[in-house]
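Below, read A as the first sequence line, B as the second, and so on, with proteins coming before strands; counting in each chain starts at 1.
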Amino acid sequence: MTKSELNTGYEPKDIEEKWYSKWLESGQFTAKVDPAKEPFSIVIPPPNVTGSLHMGHALNNTIQDILIRKARMEGKAALWLPGTDHAGIATQNVVEKELAKEGLTKEALGRSLFTLRVWKWKEESGNTIIGQLKKMGCSCDWSRERFTMDEGYSAAVKEVFVKLYDDGLIYRGNRIINWCPRCLTALSDIEVEHEDLEGHLWHIRYPLQSSADHIIVATTRPETMLGDVAVAVNPADPRYKDFIGKNLILPLMDRVIPIIADSSVDMDFGTGAVKVTPAHDMNDFEIGGRHGLEMINIFSEAAKVNESGGKYVGLNRYEARKAVLSDLEEAGLVAKAVSHLHGVGHCYRCHTVIEPYLSDQWFVKMKPLAEPAIEAVKDGRIRFSPKRWEKVYFDWMENIKDWCISRQLWWGHQIPAWYCECGGVTVTTSNPTQCSSCGGSNLIQDEDVLDTWFSSALWPFATMGWPKETEDLKFFYPTSVLSTARDIIYLWVARMIMMGLKFMNDIPYHTVIVHPTVMTIDGKRMSKSLGTGVDPLDLIEKYGSDATRFGLIIQSQAQDMRFSEEKLEMSRNFVNKIWNASRLILMNLKGHEVGSIPELDRADLWILSKFKKLLRESNDDFANNNLSQTAKRIYDFFWGEFCDWYLEISKSRLYAKDDDEKARAGRVSVEYIYLTVMNGFLRLLHPFMPFVTEEIWSRFGFSDESIIFSPWPLGEGLLEDDSLEADFERIKDIVVAIRSIRASFSLAPSKEIEVKIECADSSKIEFLASASTYISALTGAKEIEIKDKLKAPKKAAAAALGPFQIYVLLEGLIDVDVERERLEKRLASIEADLSLVLGKLMNDNFTSKAPKDVVEKERAKKAELTLEKEKIALQLSQLGDLRF
RNA sequence: GGGCGAUUAGCUCAGCGGGAGAGCAUCUGCCUUACAAGCAGGGGGUCGCAGGUUCAAAUCCUGCAUCGCCCACCA
């Protein structure tokens, strides 16, 4: 390796592309069923085919890639199964927009042509996100890539539908559902996003049929009164006791409607009297059911008033509201209007205000599915990380409602149900020729498709070949970890658990990692439409994939992370640091054969101890899914310990003339440490930064193989030595103190200094002496004298550190005022610390109640501070005698 | 209405019972033969507020304030 072969600045681009194609060519990511190995599997949360990589994906897929790469290195059979989701509404909307540009509509094309067109779009544009994942370095098994509408997957969806139907868990019913008047489809409850909007609560007079009296109802949606069939009051409400059972004349419609009693009515809200519109309100639908009321649908699918709305026919919801209010106003029936904040549901895809709508839809009965799913988390078979999300899961699951799964779309899994003239419904996986009720052959398939989330609920097993009993299923199911964003815990995570338990009779995964949500730096949601999003691809372009991954992971610690690009810059600098440290080593390796462990000095043992600690603590972090902390440890170790201290210390041995036995031995030790640390460190870092580690790994020639399958480092044979580490911290402190003196007196780097150190603790002298070469290398001291007793030299700057009294001889260079200020500042700080310590030690409660080791520590601190104080005071007093 | 989370240096965040930390920004000095994407040395914080528990509280408990998120049949 020559210097010219490594640039001084790391250029990620070519290196990243080179390695990713190599990895793909050699099939490194392809998982093999191998009973001799422990399986470790992750199914990717399938991104929408319409999607492009956003920051959430970048973070989530980095997490998964780290886990899967680590597992691979641990010798597990690691499968990361990728794929995409057909995303019914989203994709249909995209293609419809494309058609609109050509002046076409899906109706003009017809269903089958439209569907073909969507497939064509999917083939051409639906895989951008897969390419983006590759840029990130994701080690997915692309040979197993799936799509929620591929042939096998579609068969699985049908199978599930039919089985649930046969088990009585799927039924069809005429019910109130959430209707999007723009997408023209039903939505499930959790696809509706509620937003508090400032509206009005209108108080409207409904006259009694038999007298001049009236009842005032309060409503936020006066236009729905066109569909009113009753007014309900609480049976316990004294104000309305005499009204119950009487009739009202519905204004504008002149319909006679009854006053009924229903305990669901809140006496304290509004006027305590509720207009009942069963076709357009969830709650009213239930009241209507209890009282056998008629349901009058007054809206078309596009939420315009229909024929049942009398003269208002053809108006949309908001026009109708205006018209109704103005007519009521004119009739003097509006008692008052007060402003009122209330939650309004919006479509999660197009943000149109949802209309509660009465229609025929398919539903899944959820309670029987939810019960075992609750149990699986309760008994710990599935764990959420962080654990608090389990409560969120329970809250939803314990109050679960039936799931509306039919969608009035063309893109998706068409419901495998056929209707016959006889009224019979045939539900089957294969296209039926005969009605299951009457045997008739004139069958028409239900036109609706299934909720996209119905198919994605099967993801962990349908992707592995279910309903066939495949080798993959037997080996890789249940999967190990699911990593996901918190906003799809209900939509996806919970439903996978239910479906997995129902159809595989087993949980889909053992651990659910809920990663932080990526926010903008000012705490706003990242959104393309708001222009607040950051494109991960731009970041990769700017900082490289390794730095982007590392920078994301290291800041992913809070529940909401405010994305800070600075952390990526820091990571990019870190990559560069690693690159250059490698450069230093590679340029200087002489290839000494290291047969056995060479003789090591204390600096060597110290960095090995630090390294061992890093490995141990990192493994603990992994066990707690705290990847962010590992990233931080990696950074601190490599930059703060290995580069800043060990590499600098080792240079004296590295650059020593290789002309005697001692110098050669020194080199052998240093090279041994370099190789030992770099070899293990690169492996530890590899899951986080796959590209640069692979590149450096190959430059070192640590193995002929890719680093991908090198063993996960555990630091076997390395020892942690806390006392050595503590001693070493002292050495560092001494170095810093000397450097600080250098800086105070603005000594040029080339200026050699003379240092004397008095060490009052005889047990530390030997160590200090052995470290004196480090100290001189790091401080530019040409000579260091170490004694247990020393006469304080004149014309010197001083520092006191515990048992150590340090003098930097500065003949002719010392500025008395500067030195006095320096010492006084130090003295003040020592005195402040000392008074705190003394305060504690003089407190009998402390000395008697605090643990012994804590008290002991305080006493030691007191002794040390006292000594430092004396030394500094002495030095200060001598300062006056200095004559320069 | 219920629940969850956050509040620590100018900014983004660690720390979660015993000496206030990191990165960035800032100040000073360095192109020292790995790295100026760097090196060395500094400055900067009554850890949101008020109580409580404890010998000891940024750390545990209670209340409050502010911000964010989730859930709810808020007609």
**Student:** Does OP1 or OP2 of B/rA34 have a side-chain N or O of A/Tyr655 closer than 4.0 Å?
**Tutor:** yes
**Student:** Which nucleotide sits closest to the side chain of A/His340: B/rG15, B/rC74, B/rC55?
**Tutor:** B/rC74
**Student:** Answer yes or no for A/Arg739 and A/Trp645: cation-pi contact, defined as NZ/CZ to six-membered ring centre under 6.0 Å and angle to ring axis within 45°.
**Tutor:** yes
**Student:** Using a heavy-atom distance cut-off of less than 4.0 Å, which residues of residues 844-856 of chain A contact RNA chain B?
**Tutor:** A/Asn845, A/Phe846, A/Lys849, A/Ala850, A/Pro851, A/Val854
**Student:** If you check the A/Glu566 side chain, which of B/rC11, B/rG41, B/rA75 turns out closest?
**Tutor:** B/rC11
**Student:** Looking only at the aromatic ring of each residue, does the gap between the centers of A/Tyr357 and A/Trp179 stay below 6.0 angstrom?
**Tutor:** yes
**Student:** Check whether NZ of the Lys or CZ of the Arg A/Arg495 lies under 6.0 Å from the centre of the six-membered ring of A/Trp403 and within 45 degrees of that ring's axis.
**Tutor:** yes
**Student:** For A/Phe642 and A/Phe638, take the angle between the two ring planes, folded into 0 to 90°, and tell me which bin it lands in: parallel under 30, tilted 30 to 60, perpendicular over 60.
**Tutor:** tilted
**Student:** Do the ring planes of A/Trp396 and A/Tyr490 sit parallel (below 30°), tilted (30 to 60°) or perpendicular (above 60°)?
**Tutor:** parallel
**Student:** Side chain of A/Leu584, heavy atoms from C-beta onward: which of B/rC73, B/rA34, B/rG38 has the nearest atom to it?
**Tutor:** B/rA34
**Student:** Can you figure out which of B/rU12, B/rA22, B/rA75 approaches the side chain of A/Lys632 most closely?
**Tutor:** B/rA22
**Student:** Between A/Gly343 and A/Tyr490, name the one whose nearest nucleotide on RNA chain B is closer to the 5' end.
**Tutor:** A/Tyr490
**Student:** Would A/Glu191 and A/Tyr348 count as having a side-chain donor-acceptor pair, cut-off 3.5 Å?
**Tutor:** yes
**Student:** Choose from B/rC13, B/rG19, B/rA34 the nucleotide whose nearest atom is closest to any side-chain atom of A/Arg562.
**Tutor:** B/rC13
